[in-house]
Amino acid sequence: MRLRALLDTDALGLRLLGGEDELDRSVRGVMTTDLRDPSRYLSGGELVLTGLAWRRDADDSEPFVRILAQAGVAALAAGEAELGDVPEDLVLACARHRLPLFAVHESVAFATITEHVVRQVSGERAGDLAAVVDRHRRMMTSGPAGGGPDVVLDLLGSDLDLRAWVLSPAGRLIAGSKVTGPELAPETCAKLAAEHLAAARTGRRGPHRMVLGGSRYSLFPIRSSGRSPQAARDVRETVLSDWLLAVEADAGDWPEERLDLLQGVTQLIAVERDRRDAARTVRRRLAQEVLELVQTGAAPAEIAARLRVAAPVLLPGLGAAPHWQVVVARVEWEGGAVEGGPVAQSLLEEVLVDPLATGPEPSDRIAVAHTGDEAIALVPLPAVSTEHDGSESGLLADALLQTVREPLSAGLNDDGRLTLGVSAAVHSAEGLRGALEEARHARRVAAARPGRVCAAGHQELASHVLLLPFVPDDVRRAFTARLLDPLRDYDQRHRAELIPTLEAFLECDGSWTRCATRLHLHVNTLRYRVGRIEQLTGRDLSRLEDKLDFFLALRMS
């Protein structure tokens with residue numbers, strides 16, 4: 001329906017205050033709000049009704065109207081029951097943003113307008129769609145309180161006899177209809193997610209259709225409600241984080257009305273997705289704070305205090321966590337044009353979900369931070385048991401990726417890689433720095449393997465890499481200072497580049513020719529520099545023991 005039709009309906013008591021040139025806009029829904037920022041509940045095309053309780057002074061109107069305009073709402077209707085006349089600052093703000101503004105007479109209830117809009121919108125549908133659209137719009141009006149993905153999927157099942165499920169990009173079942181039969185098998189979920197990701201990487205528009213096990217499925221992307229399909233600069237920024245709606249039907253012969261309905265369903269589910277993402281903000285911030293303390297060498301007591309704050313949030317009702325594990329993931333794209341950190345963060349929050357967890361959001365015990373192309377998860381463990389072989393239980397690298405490797409490989413296509421490393425469990429704040437380094441070393445082991453999706457755990461570290469993270473800080477400082485400080489001082493005074501020369505010489509396994517070629521030096525110049533290194537440190541780089549000491553000092557510095 002058009003805004004002009006609302007204005008022409010006398011029973012609604014609407015008076016136009018601005019936006020006469022925009023009255024041909026379509027209204028696709030209605031929402032009542034007094035939130036200062038209702039953007040997470042908007043998907044575009046709504047008539048927004050407000051009693052102005054959000055307004056404390058004239059400065060509040062501009063940000064409120066800007067939020068509505070950016071969300072693509074059709075118009076704003078302000079009630080006169082609370083303040084009398086609509087404030088002039090609100091009228092001016094709507095004019096600046098070309099947002100039509102109506103005044104609602106105090107004698108007219110918002111429920112009257114809501115029922116009229118819902119009835120008109122649902123009346124524009126035909127046949128079996130009318131009842132579903134009506135209920136669907138009512139749920140969009142009430143936001144997350146309308147019931148979330150499960151309720152709208154139940155409506156699809158009961159009213160249209162459509163079996164539908166919401167899946168994560170890794171193939172985890174997030175929601176499904178309870179009125180149309182059993183849930184999808186995990187292997188089916190994985191194959192559907194893989195098909196969706198592969199199709200998205202080719203640039204094909206949804207819905208994507210496929211046949212699996214004798215059944216036909218149509219796959220609809222669920223994009224963030226605050227982002228248009230064109231908003232992302234590169235599909236790789238979101239392809240591994242967007243949910244999908246899988247419907248057991250072939251949408252190829254559907255009428256436009258039914259396709260329209262399913263697109264509306266994805267918008268409703270996107271609102272729920274954004275709400276869940278917002279709920280993760282606190283956990284992400286806790287992870288960032290703890291990891292910054294760990295990486296900057298903060299005192300263990302300070303880290304322990306921060307963990308005591310984090311534990312009740314991550315382990316509600318269980319108090320402090322006796323053990324912690326660190327998981328490091330890195331997503332890298334060829335060419336480096338897309339930052340992989342946010343994608344890796346979303347993936348870790350996905351793959352670390354406990355399959356035995358219950359409740360609407362089973363990832364509420366995971367805290368993940370990201371920087372650059374790397375994401376780091378701080379995982380609390382209520383208890384760690386010892387297995388028969390003496391090893392401790394907890395997260396295992398291979399198990400984390402076992403069920404998600406197929407869909408994620410499809411999403412990474414031929415130009416992306418996911419590598420993941422898992423630390424051993426540690427029992428206190430003192431062990432977190434070592435656990436972080438151990439997880440990073442394990443991830444490097446995974447990166448050396450072939451494949452688009454690879455993982456390695458602490459059990460696979462069988463060299464000095466396993467020992468370095470747990471060397472006490474004072475021992476590290478003394479060892480590296482004794483070997484490297486004379487070289488650093490000399491480099492600072494003479495710009496001789498002895499430290500880079502030493503690193504290259506060891507990486508070339510002591511080969512004079514290869515090292516000189518790598519550094520673009522004459523071999524005699526290289527020999528002079530190595531001789532100076534030996535003179536300043538009293539070591540002999542032809543001896544294996546001295547080479548190993550230098551190698552460890554460089555790794556620990």
Side-chain angles (χ1 to χ4, degrees), residues 294-297 326 328 330 372 374 376 397 419 421-424 426 430-449 454 456-557:
V294 170
Q295 295 185 98
T296 56
V326 174
V328 172
R330 192 176 183 90
E374 182 182 71
I376 304 168
T419 52
V422 182
S423 78
V426 295
E430 289 88 343
L432 276 181
R433 181 180 176 185
L436 175 57
E437 292 194 26
E438 186 177 63
R440 281 175 167 158
H441 285 310
R443 192 207 63 79
R444 294 189 189 101
V445 171
R449 296 171 175 168
C454 298
H458 62 93
Q459 304 93 335
E460 301 174 67
L461 303 179
S463 68
H464 68 281
V465 170
L466 180 61
L467 304 176
L468 288 184
F470 301 98
V471 176
D473 287 344
D474 54 343
V475 175
R476 285 172 176 253
R477 287 191 291 268
F479 183 77
T480 58
R482 186 167 61 250
L483 281 174
L484 301 183
D485 279 2
L487 305 183
R488 292 195 181 103
D489 292 342
Y490 190 89
D491 280 349
Q492 192 170 12
R493 292 196 309 269
H494 302 283
R495 298 182 179 179
E497 297 188 340
L498 295 185
I499 292 289
T501 300
L502 175 61
E503 291 175 333
F505 186 74
L506 294 175
E507 288 174 4
C508 293
D509 298 324
S511 168
W512 296 99
T513 303
R514 282 195 289 124
C515 185
T517 301
R518 177 172 177 173
L519 295 175
H520 305 290
L521 297 175
H522 192 278
V523 172
N524 289 342
T525 304
L526 176 62
R527 291 186 184 276
Y528 172 80
R529 289 187 183 181
V530 171
R532 180 63 67 183
I533 292 171
E534 293 174 335
Q535 181 184 10
L536 291 171
T537 60
R539 299 300 185 104
D540 182 358
L541 276 167
S542 66
R543 298 178 66 246
L544 177 61
E545 295 87 348
D546 288 342
K547 285 181 181 177
L548 181 58
D549 282 348
F550 276 124
F551 179 79
L552 294 175
L554 289 169
R555 281 296 180 94
M556 288 191 292
S557 65

For the residue pair Arg529 / Thr501, report whether a side-chain donor-acceptor contact shorter than 3.5 Å exists.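 Checked: Thr501/Arg529 side chains pair up, N/O donor to acceptor below 3.5 Å.
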
Do the side-chain N and O atoms of Ser542 and Asp540 include a donor-acceptor pair separated by under 3.5 angstrom?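 A donor-acceptor contact under 3.5 Å links the two side chains.
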
Kindly say whether [Y] contributes a backbone atom to a donor-acceptor pair with the side chain of [X] at under 3.5 angstrom?
X	Y	result
His522	Asn524	yes
Glu438	Val422	no
Ser423	Val326	yes

Whether Asp491 and Arg488 form a salt bridge (side-chain N of Lys/Arg under 4.0 Å from carboxylate O of Asp/Glu) is what I want to check.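 Looking at Asp491 together with Arg488, the answer is no, because their closest N to O distance does not fall below 4.0 Å.
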
Ionic contact status for Glu545 with Arg539, cut-off 4.0 Å: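 No.
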
What's the shortest heavy-atom distance between [X] and [Y], and which atoms?
X	Y	result
Leu436	Gln295	CD2-CG, 3.5 Å
Ala439	Val328	CB-CG2, 3.7 Å
Asp549	Leu483	O-CD1, 3.5 Å
Ala446	Cys454	O-CB, 3.5 Å
Ala435	Ala424	CB-O, 4.5 Å

Does the side chain of [X] reach to within under 4.5 Å of the side chain of [Y], using non-hydrogen atoms?
X	Y	result
Arg440	Glu374	yes
Thr480	Leu554	no
Val530	Cys515	no

Please test His458 against His441 for side-chain contact (heavy atoms from CB on, under 4.5 Å), starting from the C-alpha separation and ending with a verdict. CA-CA 8 Å; His458 62 93; His441 285 310; over 6 Å; no

Distance (rounded to the nearest 0.5 Å) between [X] [atom1] and [Y] [atom2]:
X	Y	atom1	atom2	value
Leu487	Ile499	CG	CD1	4.5 Å
Glu503	Leu519	CD	CG	10.0 Å
Leu521	Glu497	CG	CD	8.0 Å
Asp489	Leu498	CG	CG	11.0 Å
Arg330	Ile376	CZ	CD1	10.5 Å
Thr537	Phe550	OG1	CZ	3.5 Å

Using side-chain contact (heavy atoms from CB on, under 4.5 Å), reason through Leu502 and Leu484 one step at a time and then give a plain yes or no. CA-CA 10 Å; Leu502 175 61; Leu484 301 183; 4.2 Å; yes

Arg495 atom CZ, over 12 foreign heavy atoms within 6.0 Å: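 Check fails, neighbour count at 12 or below.
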
